[in-house]
Amino acid sequence: MPAPGKNTRPIVIMGPTASGKSALALEIAKECGGEIISADSRQVYKFLSAGTAKPQGVWTDTPDGLLYLVDGIPCHLTDILDPRASYDAVSFVSRAHKAATEITERNRTPVFAGGTGMYIQSYWNGLDDMPEGNPAIREKLQDEINRNGHRYLHARLERIDPAAAAKIPPGNTHRLIRALEVHELTGKPISSFWTSQYFAVLPTHEADFLIIEWDKDVLSDRIRERTALIFDDMVEETKALLAEGYPADCPALKSLGYPQALDFISNSADRAESIHKIVTLTRAYAKRQMTWLKRYKNVPRIRLAKPEDWNPKRIARTIL
RNA sequence: GCCGCGGUAGCUCAGUGGUAGAGCAAUGGUCUGAAAAACCAUGUGUCGUUAGUUCGAUCCUAACCCGCGGCA
């Protein structure tokens with residue numbers, strides 16, 4: 001056990017999918033006596049492992065409670081959620097705060113690892129105080145879109161909240177619905193909740209942040225190799241979930257790649273097609289993640305150009 | 001060898017006698033309780049080759065090359 005009073009300043013590892021952030025976070029946790037908090041919207045789910053690149057661990061009874069241990073390192077917010085359950089940024093933030101508090105009380109270092117930029121953003125910069133999502137209102141608004149089109153609802157937003165309407169494209173139905181939902185719940189325009197300076201930087205005085213950047217072609221190769229390697233396991237996981245009675249449209253099975261596994265299982269796509277489709281989707285996802293991370297101009301980056309540059313143990317030692 | 005069909009963007013294909021377009025991919029971007037979500041913007045071209053007809057050909061004609069199918 002680490003000595004009391006030791007530095008427990010959090011470490012936050014970010015990067016696109018297949019960048020190796022989980023492996024790096026694990027090495028860092030081993031080096032500094034830390035525990036991992038997964039900032040990942042998919043690795044939370046039970047039974048989805050291959051397709052989410054969930055670090056393989058074992059649920060273990062410890063003096064600190066029942067924990068998911070990977071190589072002996074506790075990984076929080078991993079493998080905890082029923083595939084039918086939904087998860088969101090606020091749920092992540094409150095669970096992560098609880099985990100971070102407990103880790104710090106044990107005099108250990110919280111090591112965040114995550115590719116879900118919005119979760120990291122929400123945790124470190126906070127979310128403005130708005131009401132939580134309301135499934136009934138969302139469903140009603142979605143029905144209106146299905147009947148009248150999204151432009152019809154966007155015109156309504158234009159009337160009640162021109163500032164928000166200017167920022168939310170009519171086709172972005174998720175954000176459009178959210179804006180109208182907040183208005184219905186509070187009677188106030190969503191833009192009145194927004195504060196400025198929300199997206200520019202991360203609070204580097206509170207934690208050590210690090211972004212992993214790969215040469216795009218090398219990351220692309222890593223994605224291709226990983227997808228070929230995990231595809232059969234994804235198919236098995238998907239079959240097992242269906243056999244257990246989980247619906248094909250449950251939140252977990254909407255994770256990237258699983259719809260393609262479902263297509264393969266139902267014979268509407270062959271193996272090569274399915275893998276190719278997953279690789280394409282994963283690359284596009286990695287690109288979106290990198291675009292998101294570009295905003296954090298005050299965060300240090302580690303740039304990896306060649307496959308040989310990848311040595312998590314060594315990188316962990318150099319940054320600690 | 002003969003007959004038929006085809007050759008246009010990275011891929012699948014549409015199209016017009018006045019030098020071209022859609023989807024996907026690609027590239028850049030957006031992001032406040034679904035974020036592995038949902039969106040926005042932007043190209044890309046010797047229109048198989050050569051010759052002919054024409055003021056003008058990617059489009060019509062011919063030959064040739066390549067691919068696919070059928071017949072031998």
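Lettering of chains follows the sequences in order, A, B, ..., and the numbering in each one begins at 1. This one's a predicted model, so the numbers in the text were calculated from it and none came from an experiment.
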What is the distance, rounded to the nearest whole Å, between atom CD of A:Gln289 and atom P of B:A36?
7 Å
Output yes when at least one side-chain N/O atom of A:Tyr119 is less than 4.0 Å from OP1 or OP2 of B:A35, else no.
yes
Closer than 4.0 Å, any side-chain N/O of A:Lys287 to the OP1 or OP2 of B:G28?
yes
Taking 4.0 Å as the cut-off, does a side-chain nitrogen or oxygen of A:Lys216 come that near to OP1 or OP2 on B:A26?
no
Heavy atoms only, 4.0 Å cut-off, all strands: where does A:Thr280 land among base, sugar-phosphate and nothing?
sugar-phosphate
Value in whole Å for how far the P atom of B:A34 lies from CD1 of A:Ile145
14 Å
Pairwise 5' ranking along RNA chain B for A:Arg283 and A:Phe193, keeping only the more 5' one:
A:Arg283
Between B:G28 and B:C65, how many Å separate the two P atoms, rounded to a whole number?
44 Å
Can A:Arg178 and A:Glu181 be counted as an ion pair, charged N to O under 4.0 angstrom?
yes
If we take the P atom in both B:G48 and B:U42, what is their distance in whole Å?
28 Å
What about A:Lys294: does its side chain form a donor-acceptor pair under 3.5 Å with the base of B:G29?
no
Taking only the P atom of each, what is the distance from B:A62 to B:G23 in whole angstrom?
36 Å
Give the rounded distance in Å between these two atoms: CE of A:Met130 and P of B:C31.
14 Å
Lys NZ or Arg CZ of A:Arg288 over A:Trp292 ring: under 6.0 Å, within 45°:
no
Do the side chains of A:Glu27 and A:Lys30 get close enough for a salt bridge, i.e. N-O under 4.0 angstrom?
yes
Nearest-Å distance once atom C1' is located in both B:U44 and B:G4
34 Å
Salt bridge flag under 4.0 Å for residues A:Lys306 and A:Asp309
yes
So, A:Thr282 and A:Arg226: side-chain donor and acceptor under 3.5 Å apart, yes or no?
no
Distance check, P atoms only: B:C68 and B:A37, in whole angstrom units.
39 Å
Compute the centroid of each ring, for A:Tyr258 and then for A:Tyr45, and state whether the two points are separated by less than 6.0 Å.
no
So, is A:Arg295 close to the B:C31 phosphate, meaning a side-chain N or O under 4.0 Å from OP1 or OP2?
yes
Protein-nucleotide distance (A:Lys167, atom NZ; B:U30, atom P), rounded to Å:
11 Å
Dot-bracket, 5' to 3', for RNA chain B please: Watson-Crick or G-U pairs under 3.5 Å, [ ] where pairs cross earlier ones, | where the partner sits on another strand, dots elsewhere.
(((((((..((((....[..)))).(((((.......))))).....(((((..]....)))))))))))).
With a non-hydrogen cut-off below 4.0 angstrom, is A:Gly117 in contact with a base, only sugar-phosphate, or nothing?
nothing
pi-stack flag for A:His174 and B:A34, centroid dist under 5.5 Å, interplanar under 30°
yes
A:Met14 has an atom CE; how far is it from atom P of B:A35, in whole Å?
19 Å
Starting from C1' on B:C31, measure out to CZ on A:Arg178 and report it in whole angstrom.
14 Å
Between P of B:C39 and NE2 of A:His154, the distance in whole Å
13 Å
Should the pair A:Glu273-A:Lys277 be classified as a salt bridge under the 4.0 Å nitrogen-to-oxygen rule?
no
Take the protein atom CG of A:Leu293 and the nucleotide atom P of B:A36, then report the distance between them rounded to whole Å.
11 Å
Mind checking the P distance from B:G21 to B:G15? Whole angstroms is fine.
15 Å
Integer angstrom distance from the C1' of B:A34 to that of B:U8
42 Å
Tell me what A:Ser86 touches on the nucleic acid: a base, only sugar-phosphate, or nothing, going by heavy atoms under 4.0 Å.
nothing
Distance alone, cut at 3.5 Å: any donor-acceptor contact between the side chains of A:Asp40 and A:Tyr119?
no
B:U58 versus B:U53 - spacing of their C1' atoms, nearest Å
16 Å
On RNA chain B, compare the nucleotides closest to A:Gln142 and A:Pro170; which residue's is nearer the 5' end?
A:Gln142
Tell me what A:Lys277 touches on the nucleic acid: a base, only sugar-phosphate, or nothing, going by heavy atoms under 4.0 Å.
nothing
Are OP1 or OP2 of B:A36 and a side-chain N or O of A:Ser41 less than 4.0 angstrom apart?
yes
Look at A:Thr291 and B:G29 and indicate whether a side-chain polar atom (N or O) is within less than 4.0 Å of OP1 or OP2.
yes
Within less than 4.0 Å of OP1 or OP2 of B:G33, is there a side-chain N or O belonging to A:Ser122?
no
Check this one for me: any side-chain N or O of A:Arg288 less than 4.0 Å away from OP1 or OP2 of B:G28?
no
For A:Tyr87, report the nucleic acid contact type (base, sugar-phosphate, nothing); a contact means any heavy atom under 4.0 Å.
sugar-phosphate
Identified side chain to side chain donor-acceptor pair (under 3.5 Å) partner of A:Asn146 from the options A:Gln142, A:Glu144, A:His150
A:Gln142
Are A:Leu67 and A:Val70 connected in the hydrophobic side-chain network, where two residues link if heavy atoms are under 4.5 Å apart?
no
